[in-house]
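All chains are named by letter (A, B, ...) in the order of the sequence lines, taking the proteins before the strands, and each is independently numbered beginning at 1. Everything quoted here is computed from the prediction, not taken from an experiment.
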Protein chains: 2
Amino acid sequence: MPPSTKGKTSQPDADVSAAGQVVEFVRRQIDAGKLKSGDRLPAERDLAEEIGVSRPSLRSGLQTLQALGVLQSRQGAGTFIAGGPPRLGVAPLSFLAALHGFTRDDMFEARRVLELGAASMAAERATSERITALADEVAAMFAALDDPQEYLIHDVQFHKAVAAASGNPVLATLIDTISELVYETRRRTVERAVDLKESAEMHRRIYRAIKAGDPEKARDEMGMHLALARQAQASEEEPVATAAVPAPSAPRALRTKRSPAKQ
Amino acid sequence: MPPSTKGKTSQPDADVSAAGQVVEFVRRQIDAGKLKSGDRLPAERDLAEEIGVSRPSLRSGLQTLQALGVLQSRQGAGTFIAGGPPRLGVAPLSFLAALHGFTRDDMFEARRVLELGAASMAAERATSERITALADEVAAMFAALDDPQEYLIHDVQFHKAVAAASGNPVLATLIDTISELVYETRRRTVERAVDLKESAEMHRRIYRAIKAGDPEKARDEMGMHLALARQAQASEEEPVATAAVPAPSAPRALRTKRSPAKQ
DNA sequence: AGTCCAGAAATGGTCGGACCAAATAGAAGC
DNA sequence: GCTTCTATTTGGTCCGACCATTTCTGGACT
């Protein structure tokens, strides 16, 4: 058990488990530029041999990477590095919320902080392309005043566009993730939220502030908009807290397997 | 299209894969309150039978949950729901950064947005306990002016305390995650960062603004502090690719700053 | 009686092989 | 040339076995 023979330059993150080796291997390939977005990995059987682990172990590692959103497997086709825009899964946050009782207000507030910052930064440095994208979404919103479903799509798109206009991909990714989580809980109650005309006007004011390069105003306008949005959302609240699953299925006997000696 | 007729809270996300069933099963148990932080899951062999999948498939699902930070397994002991404070792993963001070329500046900027919001919110609603915790950290920092390592610990602790004082666990978790990622890359170059005395004074000013209940001032002070911190950090820049692999130094244009289209 | 330790049991980790299902590529037929 | 069908590739699932670590248990020792 020589603790030093591992002369590798690896971080203290010395996970020597088989699955860990796989994760680290892929990570190295990515860092070295040998694997990039959209690339296809070797077949599992080949990769397993190359890394020096069994196929089950390899799959264990790939499973981890898949959970992290790094990989995506398609049966019969292969395993690929995730493509498309940077995306952080909602699962981690969602589980965290369920375990620690994060409320929707908490989520919304965090989103508010992020979006306020994004709006401010967008006003400071948005490129003309980004600003055009914002304008397009505002126009689409006004054009969809009589179609709530369509309106909502462009509402979301507008906020994503603001996040993108901030020029910071980390911020944009975080906003996307939290928004998705917040949005997930209200999908049903779309229409009757607020007066769409009023809402569209607010978005237009945000857009104008960003275009004018006024960070404070952009932040304020976004703040007002979110305040109203949250209020509207709160009015349709329900006890959607953690333990609200309405008995999805039979009251299965769960604890009857083990020996009764316990407890 | 037909909105789920039932009042079910289940998403349209109908993953019927074996691993998916496991994840969903655990999720339900958590939502229903049958599993909570620190609890121990049944043995793999029992759980597999209960859910109705094979053990390999069960392990696949557990692997996913482990990657998400929901579970933690200990050989010989069992599998447990993650305990302790809410924590979001750095792995997802870290991989995303490696894949999409997020720069350290991007990270720092996102952190800045979050911490500014947290400081502002802390000033608005921090409880006396939280404020006391802040005071303790400030005191510890002043007491460690001659011990950079110790100082850094309390520096980090102070920022975590501010995040906690915001009263928003989502925000606090996000800040913790990003901070960890930012710190991860500079652990080595600790001491020579800045004048510790000056740094401690800045933290004290942040603390005072929060205690005084002045959101704008708290935000400003935090902003000034972070601006300086970033500047100091930038001065010790280096090729900080994640792994110190010899790396054929990919001639790709990946390591460049965000020159295109920005600013 | 209390304490300590070795062996047994429980439990997660790894492995090899086998078969199934989906997707793709290439040959056969029109 | 185009379509269609088959064969190969590839990921998904399962079984059974064995290993490594931890925990429990029973007995021996003080």
Distance in angstrom units between [X] [atom1] and [N] [atom2], rounded:
| X | N | atom1 | atom2 | answer |
| --- | --- | --- | --- | --- |
| L58(A) | dT13(D) | CG | C1' | 15 Å |
| Q72(B) | dT11(C) | CD | C1' | 15 Å |
| E49(B) | dC15(D) | CD | P | 11 Å |
| Q63(A) | dG13(C) | CD | P | 14 Å |
| L62(A) | dT13(D) | CG | C1' | 15 Å |

**Request:** Return the set of residues passing ring-ring contact (aromatic ring centres under 6.0 Å, His included) with F158(A) (not counting sequence neighbours), or none when no residue passes.
**Result:**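 If we apply the ring-ring contact (aromatic ring centres under 6.0 Å, His included) test to F158(A), skipping adjacent residues, the hits are H203(A).
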**Message:** Enumerate the side-chain hydrogen bond (donor to acceptor under 3.5 Å, both in side chains) contacts for residues 51-60 of chain B, please, sequence neighbours excluded, ordered by first and then second residue.
**Reply:**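 Pairs touching residues 51-60 of chain B that pass the test: Q63(A)-S60(B), E44(B)-R55(B), E44(B)-R59(B), S54(B)-S57(B).
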**Prompt:** Got a sec, which pairs hit side-chain hydrogen bond (donor to acceptor under 3.5 Å, both in side chains) with one end in residues 81-91 of chain A, sequence neighbours left out?
**Reply:**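 As it turns out, the side-chain hydrogen bond (donor to acceptor under 3.5 Å, both in side chains) pairs with a partner in residues 81-91 of chain A, which skip direct neighbours, are R87(A)-E180(A).
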Keeping the roles fixed (side chain from [X], backbone from [Y]), state whether a donor-acceptor pair exists under 3.5 Å.
| X | Y | answer |
| --- | --- | --- |
| D106(B) | N168(A) | no |
| S166(A) | A163(A) | yes |
| R40(B) | A77(B) | yes |

**Item:** Residues forming a side-chain hydrogen bond (donor to acceptor under 3.5 Å, both in side chains) with S37(B), sequence neighbours excluded
**Value:**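 Scan of S37(B) (side-chain hydrogen bond (donor to acceptor under 3.5 Å, both in side chains), adjacent residues dropped) gives none.
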**Message:** Counting only side-chain nitrogens and oxygens, does S57(B) get under 4.0 Å of the OP1 or OP2 atom of dC14(D)?
**Reply:**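 It does, given that an N or O in the side chain of S57(B) lies less than 4.0 Å from OP1 or OP2 of dC14(D).
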**Prompt:** Hey, does I30(A) have a side-chain heavy atom less than 4.5 Å from the side chain of L99(B)?
**Reply:**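 Yes; the side chains approach each other to less than 4.5 Å.
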Between the protein and nucleotides 25-27 of chain C, which nitrogen or oxygen pairs are less than 3.5 angstrom apart?
none

**Message:** Can you tell me which nucleotide in dC14(D), dT13(D), dC15(C) comes closest to the side chain of S54(A)?
**Reply:**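 Selected nucleotide (nearest to the side chain): dC15(C).
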**Item:** Sugar-phosphate or base contact per nucleotide [nucleotides 6-11 of chain D; S, B, -; heavy atom under 4.0 Å]
**Value:** ---BBB
